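These notes concern the structure reproduced below.
Below, chain A is the first sequence line, B the second, and so on; all start at residue 1. Quick caveat: nothing in here was measured; it's all calculated off a predicted structure.
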There are 2 protein chains.
Amino acid sequence: MAILFGEHIRELRTKQSMLLRQLASQLDVDTSIISKVERGDRQLKKEQIPLLAQILKADVEELQTLWLADQLYNMVQGEPMADEALKSVSKQIKKTK
Amino acid sequence: MAILFGEHIRELRTKQSMLLRQLASQLDVDTSIISKVERGDRQLKKEQIPLLAQILKADVEELQTLWLADQLYNMVQGEPMADEALKSVSKQIKKTK
DNA sequence: ATTGTCTTGACAAATATTGCCAAATATAAT
DNA sequence: ATTATATTTGGCAATATTTGTCAAGACAAT
């Protein structure tokens, strides 16, 4: 279970004294979803990130990067060959660019 | 669309003069699926890899690594922050180990 | 033109994800 | 301890995605 993204969101939210339900309503989702997102047992949809960034006055790209990292982490976590696969993909995308 | 895994499979299969339908039947899927897998527009299920490795007399871990790399590639491809996210995950899994 | 192999697209079945709700659990104030 | 407020958790239905099957098409070789 990934946590980088959720921890970051929670920090941004609490620093602004914003309640779960306030963030949730602005993002148009149920409070429980934000709770789960912040604790890492639920992922937001990619398309929700820009609005989330706006609400939290955060950098969109940073959030997108954290979000993506969480997805990747979920995919490789527990896999013995995780690191090798990650490196191989790094190389691959450099080539294709 | 990822291709590392598929290319590798096709090479292993053809070098043994094995037909798509032979591989498919042993793996208990339709021929069309293997065709698509080899061309990279379909992913096998993770659980199918060990049997596939056995059929092709290939190294399970190598295939699993390639398979995982393909999944990751599909996830990050086209994302501007792909590389940063990949690196961040690499660091993260080293910590947790 | 026939046969054998591979490819492609459409569809249904199986799985997984998402949002919603209600109940449970904290947290804080009085 | 009671109340009020905030957060967490789990179950379920709706939705979306993935997987497998089938049938038709492309391509070679003969």
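Per the geometry, CE belonging to A/M18 stands 14 Å off P belonging to D/dA6, to the nearest Å. Taking atom CG of residue B/L20 and atom P of nucleotide D/dC27, one finds them 17 Å apart after rounding to whole Å. The separation between B/L44 atom CG and D/dT18 atom C1' is 12 Å, rounded to whole Å. For A/R13 and D/dT8, the CZ to C1' distance is 12 Å, given to the nearest whole Å. For A/L27 and C/dC20, the CG to P distance is 11 Å, given to the nearest whole Å. Atom CG of A/D28 is separated from atom C1' of C/dG19 by 10 Å (rounded to the nearest Å). In this structure, CD of B/Q71 is placed 11 Å from C1' of D/dT18, rounded to the nearest angstrom. At whole-Å resolution of the value, CG in A/D41 and C1' in C/dA16 are 16 Å apart.
Counting only heavy atoms from C-beta on, B/I33 has its side chain closest to D/dT21 among D/dT19, D/dT21, C/dT8. Of all nucleotides listed (C/dT7, D/dT8, D/dT21), D/dT21 comes nearest to the side chain of B/D30. Listed candidates were C/dT18, D/dG20, C/dT8. Nearest to the side chain of B/K36 is C/dT8. Taking only side-chain atoms of B/K45, from C-beta outward, the nucleotide of C/dT8, D/dA6, D/dT19 with the closest atom is D/dT19. In this structure, the nucleotide among C/dC20, C/dT18, C/dC6 sitting nearest to the side chain of A/S32 is C/dC20.
Using a 4.0 Å heavy-atom distance criterion, B/L19 is classed as a sugar-phosphate-only contact. Residue B/Q48 is classed as a sugar-phosphate contact, given heavy-atom separations below 4.0 Å to backbone atoms only.
The nearest heavy atom of DNA chain C to B/R42 and to B/E38 marks one nucleotide each, and the one closer to the 5' end goes with B/E38.
Applying the 6.0 Å contact sphere to CD of B/E79 captures more than 12 heavy atoms from other residues, nucleotides or ligands. By the 6.0 Å contact criterion, CD on B/Q22 is enclosed, its count of non-hydrogen atoms from other residues, nucleotides or ligands being greater than 12. More than 12 heavy atoms of other residues, nucleotides or ligands sit less than 6.0 Å from atom CD of A/Q26.
At distances below 3.5 Å, at least one donor-acceptor pair connects side-chain atoms of A/T14 with backbone N or O atoms of A/R10.
Phosphate contact (OP1/OP2 of D/dT9, side-chain N/O of A/R39, threshold under 4.0 Å): present.
Donor-acceptor pairing under 3.5 Å is recorded for the side chains of B/Q43 and B/N74.
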